[in-house]
Amino acid sequence: MLTNRPRGTNDIIPGEVEKWQFVEDVIRDVCRTYGYREIRTPIFEHTELFKRGVGETTDIVEKEMYTFIDRGERSVTLRPEGTAAVVRAYLENKLYTGPQPVKLYYIGPMFRYDRPQAGRYRQFHQFGVEVLGAHSPGIDAEVIAMAMEVYKRLGLRGLELHINSLGCPECRPKLRERLKEFLHTRLDQFCPTCQDRFERNPMRILDCKNEKCRALAAGAPTTLDCLCDECSAFFEAVKEHLEDLGIEYVVDKKLVRGLDYYTHTAFEIMAPGIGAQSSVGGGGRYNGLVEQCGGKDTPGIGYALGLERIILTMEQQGVKFPPAWRPDIFVVTACAEAERTAFKLLSKLREKGYKADKDYNGRSLKAQMKYAGKLNARYTAILGENELKNGTAMMKDMNTGEQQEIPVDKIPELLGGK
RNA sequence: GUGGGUAUAGCUCAGCUGGUUAGAGCGCCAGAUUGUGGCUCUGGAGGUCAUGGGUUCGAAUCCCAUUAUCCACCCCA
């Protein structure tokens, strides 16, 4: 128990964490170039926020939230996604009083109580962006373009961008009616979940992965069939922008997405080969959400990707990560008297910004060399009686094996200066 | 929430139909005479065989339960 992490969580240890840092660096850099600024919201929020924001009938709220009562008898919940909290922060901090739109991003852990499997964990990490207060289709295209840029910069290939339009509160009821009309006659042939969906959220039936259901729903009216003129024009404009930017996409009429707040544009990015959980990112427009959370009618669009899945996909595609940490120089002592000098030398080198290290386990000279080799040090600096007397160090190039004795203050020169 | 697989050293695994002190490779630590890593050789540490029951003269091996983990369904990132 004491030596086991909780189910569905992960330790990201040295060797692994460098990959994460690389991905995070790329993400932050792309965000900077696109003009998105970071926001950090709490890891937990009032339970009510997610119930209202994400939607009472979603799987997230119904069965996946980490909810508990705190010592003040408030119900709080570990955040299962980022959007609701960002919207809350937008309202609470009155970000709507500044220049619009507000373009934000976040990176951090999310929590969902689900059965873990490949690419799915109870604590997982998301990078996400949210744009509040922009209504034009251009921003939809920008968010998608930015997402694709992140994947590209990370070296991922073969991803598929699926897009769809879910319509607005005006065309939505129309779809619902026509859909129910269509499904009504053969409802008993659908899987139990779909039968259950019929009343609660018939749109989700289009999204069912069950083959039989797919076949039965083949000719069903889709969201696109029911778009009002305005929504239709909006969707066309988004596609046009994507084409202008040279971004390939497929219109996926069955893409519905599970969170209640989506309207208009919905999109998802799929990666082949990482198991059943093939979605490496998704998002869409949520024009009703801000109002739902108690603000004024404000348009919004967002996107999120899962870092675990991104890294899995990168590994699976053989993407090269930056090399691991290695010392520029490893200081080795050949006699007991050299210890204090070695310590001071080490400190000076570090002050100058070199990655430097030494042994702290009282190893023999030979074992120190071995250790330096394992750490993959570029150079070792050997300090012995002669070197102490001369104020020098025996510098050994660990790749070539060549060595030369030089004055201690010439070491930076040998290392390439800094 | 549902289904299936797996659980032996730090890691990857072997251990035949139950039979004595549970093994290998890699890794770790140390040594192979003078102050030098990588290759080689030698030695060492390290296992309540996931946990708890049961069957048996005898269980890592068979049975049951629990837990963990992986994979899939569902859903999503």
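Atoms considered below: every heavy atom in the structure, side chains included; atoms not considered: hydrogens, waters and symmetry mates.
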(request) For A72(B), take OP1 and OP2 only and decide whether either is under 4.0 Å from a side-chain N or O of Gln117(A). (result) yes
(message) Rounded to the nearest 0.5 Å, what separates atom NZ in Lys358(A) from atom CZ in Phe330(A)?
(response) 7.5 Å
(request) Round to a whole Å and report the spacing from CG of Leu305(A) to P of C76(B). (result) 17 Å
(message) Between Arg7(A) and U69(B), is there a contact of a side-chain N or O with OP1 or OP2 at under 4.0 Å?
(response) yes
(request) Report the C-alpha separation of Arg7(A) and Asp114(A) in whole Å, then their side-chain angles, then the decisive distance to 0.1 Å, and conclude whether the salt bridge (Lys or Arg N to Asp or Glu O under 4.0 Å) test is met. (result) CA-CA 10 Å; Arg7(A) 175 158 216 199; Asp114(A) 219 348; over 6 Å; no
(message) Tell me whether Arg153(A) at atom CZ has more than 12 heavy atoms from other residues, nucleotides or ligands lying less than 6.0 Å away.
(response) yes
(message) Is it the case that the base of G37(B) and the side chain of Arg363(A) share a donor-acceptor contact (distance under 3.5 Å, atom types as modelled)?
(response) no
(request) Could you tell me the separation between the NZ atom of Lys370(A) and the C1' atom of G37(B), rounded to a whole number of Å? (result) 8 Å
(request) Determine whether any donor atom in the side chain of Lys366(A) lies under 3.5 Å from an acceptor atom in the base of G31(B), or the reverse, and answer yes or no. (result) no
(request) Determine: side-chain N/O of Arg5(A) to OP1/OP2 of A68(B), distance under 4.0 Å, yes or no. (result) no
(message) Without decimals, in angstroms, what is the distance between Met395(A) CE and U36(B) P?
(response) 18 Å
(message) Of the listed nucleotides (C74(B), G3(B), C70(B)), which one gets closest to any side-chain atom of Arg115(A)?
(response) G3(B)
(request) Using whole Å, report how far CD of Glu62(A) lies from P of C74(B). (result) 17 Å
(message) Output the rounded distance in Å from NZ (Lys396(A)) to C1' (G38(B)).
(response) 9 Å
(message) By nearest heavy atom, map Glu64(A) and Pro6(A) onto RNA chain B; which one lands nearer the 5' end?
(response) Pro6(A)
(request) Round to the nearest Å and state the distance from Arg326(A) atom CZ to G38(B) atom P. (result) 17 Å
(request) For the side chain of Met398(A), starting at C-beta, report the closest nucleotide among A77(B), G37(B), G31(B). (result) G37(B)
(message) Once hydrogens and angles are ignored, does a donor-acceptor distance under 3.5 Å link the base of C71(B) to the side chain of Arg120(A)?
(response) no
(request) Under a 3.5 Å limit for both distances, which nucleotide forms a Watson-Crick or G-U wobble pair with C28(B), could you say? (result) G44(B)
(request) Go through A77(B), G35(B), C71(B) for me and flag the one nearest to the Ser279(A) side chain. (result) A77(B)
(message) I want to know whether Phe44(A) and Phe111(A) have ring centres closer than 6.0 Å.
(response) no
(message) Over all strands shown, is Asn361(A) touching base, sugar-phosphate only, or nothing at heavy-atom distances under 4.0 angstrom?
(response) nothing
(message) Just by distance, no angles: are the side chains of Glu243(A) and Tyr249(A) close enough, under 3.5 Å, to form a donor-acceptor pair?
(response) yes
(message) Let me confirm one number: the CD1-CD1 distance from Ile163(A) to Ile269(A), rounded to the nearest 0.5 Å.
(response) 10.5 Å
(message) Categorize Gly128(A) for me: base, sugar-phosphate, or nothing, with a 4.0 angstrom heavy-atom threshold over every strand shown.
(response) nothing
(message) For A77(B), does the base pair up with any side-chain atom of Arg112(A) as donor and acceptor (N or O, under 3.5 Å, distance only)?
(response) yes
(request) Could you check how far CG of Asp114(A) sits from P of G1(B), rounded to whole Å? (result) 11 Å
(request) Answer yes or no: does a side-chain N or O of Lys374(A) lie under 4.0 Å from OP1 or OP2 of C29(B)? (result) yes
(message) From CZ of Arg122(A) over to P of U69(B), roughly how many Å is that when rounded to an integer?
(response) 8 Å
(message) Need to verify one output field. Residue with the more 5' nearest nucleotide on RNA chain B, Phe124(A) or Gln403(A)?
(response) Gln403(A)
